[in-house]
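Everything on this sheet refers to the single structure shown next.
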Amino acid sequence: MSITAAPDYLTRLNPEQRAAVETVDGPLLVLAGAGTGKTRVLTTRFAHILLTQRAFPNQVLAVTFTNKAAREMRDRVAAILGSPAEGLWLGTFHALCARMLRRHAEHVGLASNFTILDSDDQLRLLKQVMEAARVDIKRWVPPALMSVIQRWKDRGLTPERVSANEDTDFANGRARALYEAYQARLRTLNAADFGDLLLHMTEILRSQPDILADYHRRFRYILVDEYQDTNLVQYLWLRLLAQGHRNICCVGDDDQSIYSWRGAEVENILRFEKDFENARIVRLESNYRSTAPILAAASGLIAHNEGRLGKTLRPGRQDAQTGEKVTVVGLWDSDEEGRMVGDRIERLRHDGHPLAEIAILVRAGYQTRSFEERLITLGVPYRVVGGLRFYERAEIRDAIAYMRATVQPADDLAFERIVNVPRRGVGDAALRAMHEASRSLGVPLAAAAGHLLENGGLKGRVKEAIGTLLRGFARWRQMLDVDGHVVTVATLLDESGYTEMWKQDKSAEAPGRLENLKELVRALADFETLSGFLDHVSLVMENEERAETDRVSLMTLHGAKGLEFDTVFLPGWEEGIFPNQRSMDESGNKGLEEERRLAYVGLTRARRRAIVSHASNRRIYANWQASVPSRFLDELPTEHIEHTGSAALARDNRIAAATSFTGQFPLVARRPRVIDVWEQPSRPARADQIPIGARVFHTKFGYGTVTAADDDKLDVRFETSGDKRVLDRFVERV
DNA sequence: AAGGTTAATGTTTTT
DNA sequence: CATTAACCTT
């Protein structure tokens with residue numbers, strides 16, 4: 001590699017990016033603001049290491065959080081290299097740990113073919129453990145203990161490492177003991193949950209110097225993406241592995257740390273400098289994504305957080321200065337907010353703006369619904385990102401349980417899941433008998449069922465059904481070696497009656513479920529072995545979102561991290577919703593600051609246009625409630641913001657508008673005053689105000705023209721729904 | 001053992 | 001309001 005003439009993958013970078021790429025040896029922390037080319041730096045650095053022949057592809061460890069990020073990095077490295085690199089250790093923390101743990105499972109009491117449990121299995125198992133320990137599971141709900149255990153695992157704490165004084169709060173101080181019992185159950189089932197993958201692997205690296213040394217020899221360079229999201233155990237794992245060559249590069253942004261509730265510790269950024277002496281730090285501050293006003297708004301907002309590492313986003317784009325201001329819209333109620341967003345989207349669409357470049361980002365999943373409804377009435381195509389993933393669907397999980405029970409006769413969780421699916425007449429009584437036999441004989445459930453059959457412990461229909469099922473498993477197990485996994489699974493799903501069950505099902509979802517099952521069998525063909533596939537399913541598989549169609553994206557702010565759109569709508573900026581009340585109740589100022597970071601993430605998703613909105617009245621569960629504009633609105637620098645209010649808001653609520661828009665009132669004084677005005681939010685009757693010929697909007701029927709009026713009833717000719725008689729208060733004049 | 005009824009409970013979520 | 005899980009009835 002020539003030193004004088006830099007290759008173009010380097011010359012295309014700005015000086016700070018280039019420093020981040022070329023500072024190859026020694027520990028490096030890259031603080032990368034939103035839109036500053038973080039991924040680009042990471043992938044270029046990866047390629048640079050390979051191209052300068054500092055390491056072979058299999059000597060670089062590259063860690064991401066999501067499979068999507070891993071895939072993207074893989075693709076982009078390949079693009080720079082000109083060919084796909086083989087044998088990379090590139091993947092998510094979990095996938096990489098799973099791969100390692102398969103080799104060393106015996107050190108933590110597992111066999112290398114251990115099963116990876118998903119959260120559903122985890123919870124069921126924990127519940128069983130709690131019931132066995134006679135914990136009152138109404139008083140002490142399993143999910144609460146699950147999250148305690150997960151936080152322990154996030155911190156690298158095995159049951160032995162949990163100190164006694166951490167144990168006081170749950171189930172009268174039995175949390176630690178229950179954790180221990182849960183881990184013991186996992187071991188007997190030869191299973192690991194997601195947290196275990198990291199916990200076990202870290203434990204092994206801590207206790208087995210020879211294994212650690214082996215990985216030191218192997219990994220000469222380590223790259224870490226989204227470093228601010230790492231939890232303690234992930235940090236420990238990285239630190240252990242990096243001790244060898246100390247060539248570790250972590251890229252992150254403390255301002256985008258939004259997963260502390262999941263165990264992520266931003267403190268890992270500070271720890272990095274302490275643990276890795278002479279670590280270099282590079283800041284990426286040139287933003288190539290957004291216009292100047294958007295960056296100014298986001299920067300002004302995030303400046304309200306304390307204890308930041310301090311970064312300033314500079315506009316790096318040529319055209320950044322000419323951008324439009326961030327729009328803040330105040331609306332009367334949530335319906336009007338929905339209409340505002342819908343109308344603006346229609347206008348953008350009309351002007352030729354691609355829908356795929358528009359996103360509506362909300363704080364919580366349930367908020368997407370009202371926007372969906374609006375977009376449906378308007379006939380605007382949209383997609384909701386997030387929600388159920390492929391392997392979380394019931395039919396997929398059932399099918400997988402069948403496979404697991406086939407491959408692993410000891411997988412009680414899988415057996416239990418499908419023993420009565422489809423209905424075989426196996427109920428509580430039969431299941432209890434099997435559990436009892438399993439415990440007294442010390443064998444897995446399936447084996448216990450076999451014993452019961454021989455000893456006449458089961459009768460009638462149940463006996464027949466269980467017999468057929470067990471013979472089925474034996475047959476499919478044999479078949480696996482002879483006919484291969486694809487054929488076996490297809491046969492298994494038919495012979496077990498599982499596909500038939502969905503064919504008989506008359507519900508609307510049934511055909512889709514059958515389709516998913518077919519897709520599952522198709523996907524099997526991409527794998528050498530069934531266990532390889534099972535790993536893939538639990539760690540990697542995601543929604544088949546191949547829809548290349550032009551659609552508006554609807555998602556949570558969390559889901560939007562890492563994405564960007566020309567136009568971003570940020571509705572629901574109201575106290576309690578955003579910042580979220582619970583977040584503040586549970587974590588106080590830390591919670592508030594994380595909410596603010598979330599707002600920062602939201603704003604920085606926008607390339608050219610950001611529309612923030614808030615409504616004065618919102619339907620919460622059953623009834624309408626007045627809401628107060630978010631404090632974040634007051635934190636946006638006024639010179640980069642343009643305020644708009646709807647006519648309804650201005651007419652009905654001048655004071656509220658004035659109060660929220662100036663933002664001059666101290667927080668404490670502001671709230672009661674505003675609520676006073678909203679005590680009587682009933683709108684004036686407007687029948688006489690809507691003349692014949694007026695254009696109106698109805699929530700259900702969409703747009704139309706008034707053809708007649710009678711007291712409070714209007715006859716309206718709707719554009720899409722035809723002639724209807726509606727009450728005036730259900731329409732909005734537009 | 002299955003289906004219907006009531007009561008509780010409403011963030012964010014990758015792996 | 002609307003979803004879901006626990007509960008009760010047949």
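Just so it is clear: chains get the letters A, B, ... in the order the sequence lines come, proteins before strands, and each one is counted from 1.
The nearest whole Å value for the distance from the CG atom in A:Leu123 to the C1' atom in B:dT13 is 15 Å. Following rounding to the nearest Å, A:Gln122 (CD) and B:dT13 (P) show an atom-to-atom distance of 17 Å. Distance, A:Ile258 CD1 to B:dT12 C1': 8 Å, rounded to whole Å. Distance NZ (A:Lys138) to C1' (B:dT9): 16 Å, rounded to an integer number of Å. The CG atom of A:Asn67 sits 7 Å away from the C1' atom of B:dT15 (whole-angstrom rounding). Protein atom NZ of A:Lys153 is 18 Å distant from nucleotide atom P of B:dT15, rounded to whole Å. Rounded to whole Å, atom P of B:dT14 lies 16 Å from atom CD of A:Gln228. Rounded to whole Å, the distance from CD on A:Gln150 to C1' on B:dT12 is 14 Å.
A:Asn516 and A:Glu395 are linked by a side-chain donor-acceptor pair at a separation below 3.5 angstrom, with hydrogens and angles left out of the test. Side-chain contact annotation: A:Gln183 with A:Lys153, donor-acceptor N/O pair under 3.5 Å present. Donor-acceptor pairing under 3.5 Å is lacking for the side chains of A:Tyr600 and A:Gln256. Side chains of A:Glu416 and A:Gln128: a donor on one and an acceptor on the other come within 3.5 Å.
Taking every side-chain heavy atom of A:Tyr621 into account, B:dG10 is the closest of B:dG10, B:dT11, B:dT13. Closest to the A:Asp428 side chain, of the nucleotides B:dT15, B:dA1, B:dT12, is B:dA1. Counting only heavy atoms from C-beta on, A:Tyr366 has its side chain closest to B:dT11 among B:dT11, B:dA1, B:dT15. Side-chain atoms of A:Asn420 lie closest to B:dA2 of the nucleotides B:dA2, B:dG10, B:dT13. Taking every side-chain heavy atom of A:Glu392 into account, B:dT15 is the closest of B:dT13, B:dT15, B:dT12.
Taking atom C1' in both C:dA2 and B:dT13, the straight-line distance is 22 Å, to the nearest Å.
Salt bridge status for A:Arg582 with A:Asp585: absent, with no side-chain N to carboxylate O gap under 4.0 Å. A salt bridge is defined here as a Lys NZ or Arg NE, NH1 or NH2 lying under 4.0 Å from an Asp or Glu carboxylate O, and A:Glu575 with A:Arg631 meets this definition.
Using a 4.0 Å cutoff to heavy atoms of chain A, the contacted part of DNA chain C runs 5' to 3' from C:dC1 to C:dC7.
Distances shown here put every side-chain N or O of A:Ser119 at or beyond 4.0 Å from the OP1 or OP2 atom of B:dT15. Between A:Arg262 and B:dT12 there is no side-chain N or O to OP1 or OP2 distance below 4.0 Å.
Nucleic acid contact for A:Gly365: sugar-phosphate only, since backbone atoms but no base atoms lie under 4.0 Å from a heavy atom of the residue. In this structure, A:Thr66 reaches the sugar-phosphate backbone alone: every heavy-atom distance under 4.0 Å involves primed, P, OP1 or OP2 atoms, never a base. A:Ala429 comes within 4.0 angstrom of the backbone, heavy atoms only, and of no base.
Nearest-nucleotide mapping onto DNA chain B: of A:Ala430 and A:Gly195, the residue sitting toward the 5' end is A:Ala430.
Centre separation under 5.5 Å together with a plane angle under 30° does not hold for the ring of A:Phe93 and the six-membered base ring of B:dT15, so they are not marked as stacked.
The base of B:dT12 sits within donor-acceptor range of the side chain of A:Arg363, with an N or O pair under 3.5 Å.
Ring centroids of A:Tyr215 and A:His104 are separated by less than 6.0 Å, placing the two rings close together.
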### Message
Applying side chain to side chain donor-acceptor pair (under 3.5 Å) to A:Tyr227 and A:Asp253, what does each step give before you reach the verdict?
### Response
CA-CA 7 Å; A:Tyr227 181 59; A:Asp253 180 0; over 6 Å; no
